[in-house]
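Predicted model only: the values in this text are computed from it and were never measured. Every chain is numbered from 1, with letters handed out A, B, ... down the list of sequences.
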Number of protein chains: 2
Amino acid sequence: MESSDWYDGSCDLVHTFNYICKKWRLPILWYLSQGNFRYYELKRQLYGITNIMLTRSLQDLESHGMIWRKQHSETPPHVEYGLTEQGNHIIPVLEVLEAWGEMQVEYEKRVDCN
Amino acid sequence: MESSDWYDGSCDLVHTFNYICKKWRLPILWYLSQGNFRYYELKRQLYGITNIMLTRSLQDLESHGMIWRKQHSETPPHVEYGLTEQGNHIIPVLEVLEAWGEMQVEYEKRVDCN
DNA sequence: CTGAATCCCATGCGATACTG
DNA sequence: CAGTATCGCATGGGATTCAG
């Protein structure tokens, strides 16, 4: 990796990291890694999220091929979301991230006690 | 993990993720995972970064115990940075993130060819 | 060489209201 | 139920300038 490539788009890590480096991305992906959900189910679980943020996040993740959207033709509407085959590759990332997060928080607790 | 805990600070993953979810954090950590560096060395490698952003990033990472700062008493100043023992725990995260990034970019190339 | 202080702009985020 | 449109605020990022 060239030094000059950090932000000209040729650094894969930095480039794709921006897909998940947004406020609600990790929680959404984490939930979808547990199974498929309907729009309102996700909204209920993601306490505090607004329609606009949920919609934007889902559309963005879908545009990057990480999740799929399936609209059933019913009234009232019924839309389901889930991880794509490609999207499943994010699961190990979530696991490692969670392991690190717990370790880091444990460390902070110890330090704050000094 | 409780649904209501995503953003009240009790979700370790989300909480600590914010440490690295900033523009220059990953490149800085990646470099420091390769060895220790002086301020100006980091600045030279991190093509495009400004003093203020490098300084802020380093101070922030240091405040979370992920990197150390060593100031040699010389003139002109000589300051060195490196990963702490705790900071080394980020390395597996970087590796998994890189693997995922490459895979995701490969996927995008295939999809765009359709 | 290694920063800090100021000021400004782009962007993310979200409250509110509306729709089929 | 599953969204969209608007508008505004908060925050991050950075150009510029100055300093020990």
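Both A:Ile90 and B:Val96 are assigned to one and the same hydrophobic cluster, defined by single-linkage of ILVMFWY side chains at heavy-atom distances under 4.5 Å. Side-chain heavy atoms closer than 4.5 Å link hydrophobic residues (I, L, V, M, F, W, Y) into clusters, and following such links, possibly through other members, connects A:Tyr31 to A:Ile91. Criterion: ILVMFWY side-chain heavy atoms under 4.5 Å apart, direct or through other members. Under it, A:Ile52 and A:Tyr39 are part of a common hydrophobic cluster.
Listed here is the closest heavy atom pair of A:Ser57 and A:Ile28: CB-CD1, 3.5 Å. The two atoms that bring A:Trp24 and A:Tyr47 nearest to each other are CH2-O, 3.7 Å, heavy atoms only. Scanning both residues, A:Val79 and A:Arg69, for their nearest heavy atoms gives CG1-CG, 3.7 Å.
Among the protein residues, B:Gln59 comes within range of the sugar-phosphate backbone only, with heavy atoms under 4.0 Å from sugar or phosphate atoms but none that close to a base. When heavy atoms are screened at a 4.0 angstrom cut-off, B:Thr55 is found touching the sugar-phosphate backbone but no base atom.
Between B:Tyr19 and B:His64, the ring planes are parallel. Angles under 30° get that label, and only those over 60° would be called perpendicular.
Within residues 32-39 of chain A, the residues that place at least one heavy atom under 4.0 Å from DNA chain D are, in residue-number order, A:Arg38, A:Tyr39.
Aromatic ring centres of B:Phe17 and A:Phe17: separated by under 6.0 Å.
Listed pair A:Tyr81 / D:dC1 fails the phosphate criterion, with no side-chain N or O lying under 4.0 Å from OP1 or OP2.
Between B:Lys43 atom NZ and C:dA4 atom P the separation is 13 Å, expressed in whole Å. For the pair A:His72 NE2 and D:dG3 P, the computed distance is 11 Å after rounding to whole Å. Rounded to an integer number of Å, the gap from CD of B:Gln71 to P of C:dA4 is 10 Å. Between the CD atom of A:Glu80 and the P atom of D:dC1 there is a distance of 15 Å, given to the nearest Å. In this structure, A:Leu54 places its CG atom 12 Å from P of C:dG14, rounding to the nearest Å. What separates CG of A:Leu46 from C1' of C:dG14 is a distance of 15 Å, to the nearest Å.
Looking only at atom types and distance, the side chain of B:Tyr107 has no donor-acceptor partner in the side chain of A:Gln86 under 3.5 Å away.
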Tell me, for nucleotides 5-20 of chain D in 5' to 3' order, what letter each nucleotide earns: B for a base near a protein heavy atom under 4.0 Å, S for only sugar-phosphate near one, - for neither? B------SBBB----B
